[in-house]
Amino acid sequence: MRVSASKSPSSAHADGAATKGKRRLSSDHLSRSSERLPAKNSFVQFRRLQRRGPSSIDSYALLRVLRARTKASSRVEKTQLHTFAITLGFESIVHLQTALITMYSEMGSINDAHRLFDKTSCRTVVCWTALISAYVNNGRPGKALELFRHMRLENVEPDRITITIALSACADLGALDAGEWIHMYIYRHSSMGLGEDLILRNALINMYAKCGHIQAAHHLFDSTKQRDVTTWTSMIVALALHGRANEALLLFAEMKESMSSHSNGCRVSPNHVTFVGVLMACSHAGLVSEGQFHWESMQRDYNLKPQLAHYGCMVDLFCRAGLLEDAYAFIKEMPVQCNAVIWRTLLAACSLHGNVSLGALARRRLLELEPDHAGDDVTMSNVYAAAGLWDEKQDVRKRMKRRRDPGGSLIEVGSRKHEFVSADRRHLREKGMQEVLQSIVENSRALVHVPDADITVDGMETNMDDS
DNA sequence: GTAGGGTTAG
C-alpha cells in the first residue's frame with residue numbers, strides 16, 4: 001500500500017525555524033528533527049550540512065536521512081546518498097550497509113542490494129535478514145529461502161525477525177514443508193518467544209493459511225488471545241482465497257463483534273486489506289448484495305477510501321455473477337484509472353458468458369494498456385468461440401501463431417523446477433502427466449457444466465528442469 | 001547515548 005506524502009503546516013514551520021535560526025545546523029539537530037519531519041525536510045537539511053563540509057555529518061545523521069529518504073525520493077537522490085557514504089568513509093559501517101541494502105531493495109534494485117551485501121565486511125544476522133527480506137519484497141521468495149539456508153550453513157542463527165521473513169517467503173511459495181520446519185525451529189528455540197511476538201505469530205498463521213493448511217492456521221488463530229487487525233485479516237483473506245467464503249464472512253462478523261464487546265481490551269478495526277478479503281469472499285460465493293453492502297460500509301462506517309484493489313474485487317463480484325453490464329457500468333463510474341487486471345477480469349467474464357461486444361471493448365482497452373499480453377488473445381478467441389463466431393476465433397488464433405509467443409508456466413516439486421512450454425513434449429514423464437491432466441478434465445466435466453467446449457488439454461506439454 | 005532487518009493485498 002502506498003501512502004502519499006501530504007503537505008502539513010508543521011513541515012513549513014520546521015523548515016522556517018531551521019532557516020531563520022542563527023545556530024549552526026549540527027548533525028545532532030538533524031538526528032533529532034528528522035524523525036518527526038517529512039522526508040523532504042530532512043533532505044533539505046542534509047543538503048545544508050553537505051555544503052558546510054563533511055565534518056558536520058556523522059554516520060548517525062546520514063543513516064537517519066537515508067531511512068527518511070527511502071520512503072520518498074528519486075532514484076538519483078538515493079544513489080547519491082550511497083556515494084556520499086563512500087566519500088565520507090562510512091562504507092564499512094555495518095548499520096549503514098544494512099540500511100543501504102534496504103534502500104536498494106525498496107528501489108527494486110535487487111542486484112545492487114545483493115552486490116552491496118557481497119561486499120559487506122560483517123555479515124550479521126541483521127545484514128542477512130535485510131537481504132532475505134529484499135528478495136521476498138521483490139517477488140523472489142524462492143531465492144529468499146535459499147539464502148535463509150545459506151545463512152544457516154554459515155552458522156549465523158536466525159532471530160525472530162529473520163524467521164518472520166522466512167515464513168512470509170514460505171507463504172508466498174506455498175512451501176508447507178519449509179514452513180513446518182520453521183515452526184519446529186521456533187518450538188525448539190523457546191527463546192524465540194512465539195507467545196510474546198504477535199508479528200511472528202501472525203506470520204505463522206499466514207504461512208499455514210496460504211499453504212492451504214487452514215486447520216493449523218485456525219488452531220493458532222484460536223489460541224491467539226490478543227489479536228490485531230493482521231491476525232484477523234490473514235485468516236479472513238486465507239479463507240476467502242481457499243473458497244471458504246462463508247467462513248470468511250462469519251469470521252469478519254466475529255471480528256466486528258469483538259470490536260464492540262471490548263472483551264479483550266484491545267479494539268481492532270478492519271483496514272483496507274481486511275475489506276479486500278471480505279469483498280473477495282463475497283465475489284467467490286456469488287453474494288452480490290452482501291458485497292455491495294460491505295462496499296458501502298467500508299466507506300460509511302470505517303471511513304476507508306476504496307483503492308484499486310477494492311474496485312477490482314467489485315468488478316469481479318459482478319463478473320462472476322454474470323452481471324456484465326453492471327460490471328461495465330461500475331468501471332465507467334470509477335474515479336480512478338482502471339488497470340489491465342480489471343479489464344482482464346471483464347474480458348474473461350465475457351468469454352464465459354459469450355458477450356462479444358463488451359469483450360471486444362475490453363480487448364481494445366487491454367491493447368492500449370498492455371499490447372504484449374498474449375493471454376488476452378487466448379481469452380478473446382474464447383469469447384468468439386463462446387458466441388459461436390468461429391471465423392473470428394480463427395483470425396485471432398492465426399494472429400497468435402504469427403506472434404510466436406508460446407505461453408509457459410513453472411512448478412517446483414521438491415528441489416527441482418519444471419518448466420512447461422506450449423507444444424513441447426520433451427519432459428520425461430510426459431505420458432503420465434497427460435493421463436493425470438486428462439482425468440482431471442474428465443472429472444471436472446462430470447462435476448460441472450463446461451460452457452466452452454473448446455477447452456482441451458492439448459498444448460499443456462512440457463519440459464525440462466533446470467536443476 | 002544514539003544506529004541496521006519483521007506480518008496481512010484482484
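Per chain, numbering begins at 1; letters A, B, ... match sequence-line order. Nothing here was measured: the structure is a model prediction, and the numbers come from that model.
In this structure, CH2 of Trp232(A) is placed 15 Å from C1' of dT8(B), rounded to the nearest angstrom. Rounded to an integer number of Å, the gap from CZ of Arg160(A) to C1' of dG6(B) is 11 Å. In this structure, CE of Met280(A) is placed 14 Å from P of dT8(B), rounded to the nearest angstrom. Here the C1' atom of nucleotide dT7(B) and the CG atom of Asp197(A) are 9 Å apart, to the nearest Å. Taking atom CG on Leu279(A) and atom P on dT8(B), their separation rounds to 20 Å, with Å as the unit. Here dA3(B) presents its C1' atom at 15 Å from CD1 of Ile101(A), a figure rounded to the nearest Å. Distance NZ (Lys305(A)) to P (dA9(B)): 22 Å, rounded to an integer number of Å. One atom, NE2 of His310(A), and another, C1' of dA9(B), lie 8 Å apart when rounded to the nearest Å.
Of the listed nucleotides (dG5(B), dT7(B), dG4(B)), dT7(B) has the atom at the smallest distance from the side chain of Ser168(A). Side chain of Gln307(A), nearest nucleotide from dG5(B), dG6(B), dA9(B): dA9(B). Each of dA9(B), dT8(B), dA3(B) was ranked by its minimum atom distance to the side chain of Val276(A); first place goes to dA9(B). Closest to the side chain of Tyr60(A), from the set dT8(B), dT2(B), dT7(B), is dT2(B). For Asn202(A), taking side-chain heavy atoms from C-beta onward, the closest of the listed nucleotides dT8(B), dT7(B), dG4(B) is dT7(B). Ranking dG6(B), dT8(B), dA3(B) by closeness to the Arg64(A) side chain, first place goes to dA3(B).
Residue contacts for Val125(A): at a heavy-atom cut-off of 4.0 Å it reaches a base atom on one of the strands shown. Residue-level contact check: Val94(A) touches the bases, meaning some heavy atom is under 4.0 Å from a base atom. Residue contacts for Asn339(A): at a heavy-atom cut-off of 4.0 Å it reaches no nucleic acid atom on any strand shown. Nucleic acid contact for Leu63(A): base, since at least one base atom lies under 4.0 Å from a heavy atom of the residue. Using a 4.0 Å heavy-atom criterion, one finds that Asp316(A) contacts no nucleic acid atom at all. Residue contacts for Thr231(A): at a heavy-atom cut-off of 4.0 Å it reaches no nucleic acid atom on any strand shown.
Taking the six-membered ring where the residue is Trp, the centroids of Trp232(A) and Phe221(A) are separated by under 6.0 Å. Outside the 6.0 Å centre-distance limit, the rings of Phe148(A) and Trp128(A) are not counted as a close aromatic pair.
Applying the 3.5 Å distance criterion, the base of dG5(B) shares no donor-acceptor pair with the side chain of Thr124(A). Side-chain atoms of Thr162(A) come within donor-acceptor range of the base of dG5(B), with a qualifying N/O pair under 3.5 Å.
In this structure, Ser133(A) reaches the dG6(B) phosphate: one of its side-chain N or O atoms is under 4.0 Å from OP1 or OP2. Not one side-chain nitrogen or oxygen of Asn206(A) sits closer than 4.0 Å to the OP1 or OP2 atom of dT7(B).
Under the side chain to side chain donor-acceptor pair (under 3.5 Å) criterion, Asn137(A) pairs with Ser133(A), sequence neighbours left out.
Ring geometry, Trp295(A) versus Tyr311(A): the interplanar angle exceeds 60°, so the pair is classed perpendicular (tilted spans 30 to 60°). Between Phe318(A) and Phe330(A), the ring-plane angle classifies as tilted under the 30° and 60° cut-offs.
A donor and an acceptor atom, one from each side chain of Arg201(A) and Ser234(A), are nowhere located under 3.5 Å apart.
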